[in-house]
Amino acid sequence: MSAPQNGARRPVFVSGFGAVTPCGLDAETTWQAVLAGRSGVGLLHGPDGCGGSYDNLPVRIGGQVRDFEASSVLPPHEARRLSRVLWWAIAAADEALAHAGSAGRLPGAPRAEIIVGTGSGPIETMQQQTRALDARGPRGVTPYVAMHGAPDAAGALLSMRYDLHGPTAGLSATCASGAVALGEAMRRIRHGYADAVLVVGMEDCLNAVNLSANARMRALAAGYEADPASACRPFDRARSGFVMAQGAAAVLLESGESLRARGGRPLAELAGYGASSDAWHATAPDPEARGAAQAIDDCLQDAGVAPRDVDHVNAHGTGTPLNDSMEVRALDRALGAAAQQVPITSTKSSTGHLLGASGVLEAVFAVQTLRDRVVPPTINLDESAFPDHDIVTGQALPVDVRTVLSNSFGFGGHNASLLLRRASALAPRRPRELASADGSGSASIQHSDSSQDPAPDPDDRATSRPPTHAKGNR
């Protein structure tokens, strides 16, 4: 395409993904750990990366990225200049491009873009250099803090790495950052401003300052140093807070034209996006869940999907008493009776909460759920606080999943929901469409669209799922 077509609604596909998390140093290792119900949460050890110490903190557990070698993505002299969260962002982005069959370059150039979603950016760099300023004065501060210390730093680095000349940007919406970045990237492609967008979510707030601040708000699960893996308890009656984690994830989005031109394959369709603000409180969610329900409802309308046609919810599910109650209330408001039938999972129970990166990571999980037709379990759910809802626990559940709703909510009242669904194969290009490649018009593609596909029979949907155990205690 030679120019934006604002009236068009091109379908947008996921063509590759990558991740560096507490559960694994790539997306598939992470996924297998989540499916098996293994926790990446442990006792914090080593320096905090910002010049501080975990000793004597009120909470000393978290989801750390372990055994990552910066030399796997960068030469030593470059790695020394960058915070570790940028190492992980680069690794996740490289994996996403390799997974898409486009290693080392972004498809769709020159109409390719990069959007980075992060709550705090490379906070390690700023905290380190603040300590250096206090200890050694102005000459002790490295100039690299001005280049590599901002939320958009990963976008700039990746544009040079892949020789990308399209727009790059950093986007921050606290814990909804990753989901908002994906939604806005989808719109860029859908309406013809871009043919491909690499979306990277990254976060590293496992430092003494951030842990202390969140502990003082009583937002973190405390008192689990003897058994860290049991700390994150979404939807459990004994839940007491979230578990902070670090890492990065990346998703490559493309138009059908971009995929077809290079012979790529769609892994899933990102079909819907909704976002809102609570306008309620700096940290507490609206207990009536009006903003969150609006985001879910807008997302489903955007995708043309009815509430009864949502096959799985990858919940925000942080394990804080207020958030989990609010999310269940939001699902009830937006999905109606279907909210008590749809299988719900919080993968944060295994990974911990990657904050601004969580929306991208959980979109990766959504694609893997669609691919493998299996819903991962929520671990540490001993007694559900919401027994009327179908929260999957115990072990992974085989389900014929065709649509996944993924929610992300954050401090400040940020709400974002994404709808991902199976993607059909791209249609072969017809002679008339070949002419459009020369600028006479855009080529059409076949894609899953609820406005075109016949609605599934409710009875067929009910019988497609295997028998399950009691709700909230699978």
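Using a 4.5 Å heavy-atom cutoff, the side chains of Thr369 and Pro376 are in contact. Contact check for Val200 versus Val360: no side-chain heavy atoms found under the 4.5 Å cut-off. Two residues are said to be in side-chain contact when any heavy atoms from C-beta on lie closer than 4.5 Å; Ser120 and Cys205 meet this criterion. Using a 4.5 Å cut-off on side-chain heavy atoms (C-beta onward), Val243 and Tyr224 make no contact. Contact check for Val85 versus Glu124: no side-chain heavy atoms found under the 4.5 Å cut-off. Residues Tyr273 and Val12 fail the side-chain proximity criterion, which asks for heavy atoms closer than 4.5 Å.
Once rounded to the nearest 0.5 Å, the distance linking CZ of Phe235 with CD of Glu327 reads 5.0 Å. In this structure, Met202 CE and Leu354 CG are separated by 12.5 Å, a value rounded to the nearest 0.5 Å. Of the inter-residue distances, the one linking His353 atom NE2 with Thr320 atom OG1 reads 8.5 Å to the nearest 0.5 angstrom. In this structure, SG in Cys23 is found 12.0 Å from CH2 in Trp31, a value given to the nearest 0.5 Å. Rounded to the nearest 0.5 Å, atoms CG (Leu86) and NE2 (His148) are 8.0 Å apart. Considering CG of Asp204 and OG of Ser83, their distance stands at 7.5 Å, rounded to 0.5 Å.
Salt bridge absent: Arg373 and Asp311 never bring a charged side-chain N and a carboxylate O closer than 4.0 Å. Look at Arg9 and Asp302 and you find a salt bridge, because one of the NZ, NE, NH1 or NH2 atoms lies within 4.0 Å of a carboxylate O, short of that distance. Using a cutoff of 4.0 Å between basic side-chain nitrogens and carboxylate oxygens, Glu28 and Arg371 are scored as salt-bridged. Taking 4.0 Å as the cut-off between side-chain N and carboxylate O, Arg333 and Asp297 do not count as a salt-bridged pair.
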Could you walk me through whether Ser230 and Asn380 pass the side chain to side chain donor-acceptor pair (under 3.5 Å) test, one step at a time?
CA-CA 6 Å; Ser230 68; Asn380 301 321; 5.4 Å; no

List the steps and the verdict of side chain to side chain donor-acceptor pair (under 3.5 Å) for Ser349 and Arg239.
CA-CA 11 Å; Ser349 60; Arg239 70 193 189 279; over 6 Å; no

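Judged by distance alone, with hydrogens and angles left aside, the side-chain atoms of Thr168 form no donor-acceptor pair with the main-chain N or O of Ile114 at under 3.5 Å.
Here the rule is salt bridge (charged side-chain N to carboxylate O under 4.0 Å, His left out) with Glu269, and of Arg402, Arg10, Arg421 only Arg421 fits it. Val197 pairs with exactly one of Val251, Leu252, Leu182, Ile115 by the side-chain contact (heavy atoms from CB on, under 4.5 Å) rule, that one being Ile115.
Using the six-membered ring where Trp is involved, Phe68 and Trp87 have ring planes that are parallel, under 30° apart on the 30 and 60° scheme.
Side-chain polar atoms of Ser417 and Asn407 form a donor-acceptor pair below 3.5 angstrom.
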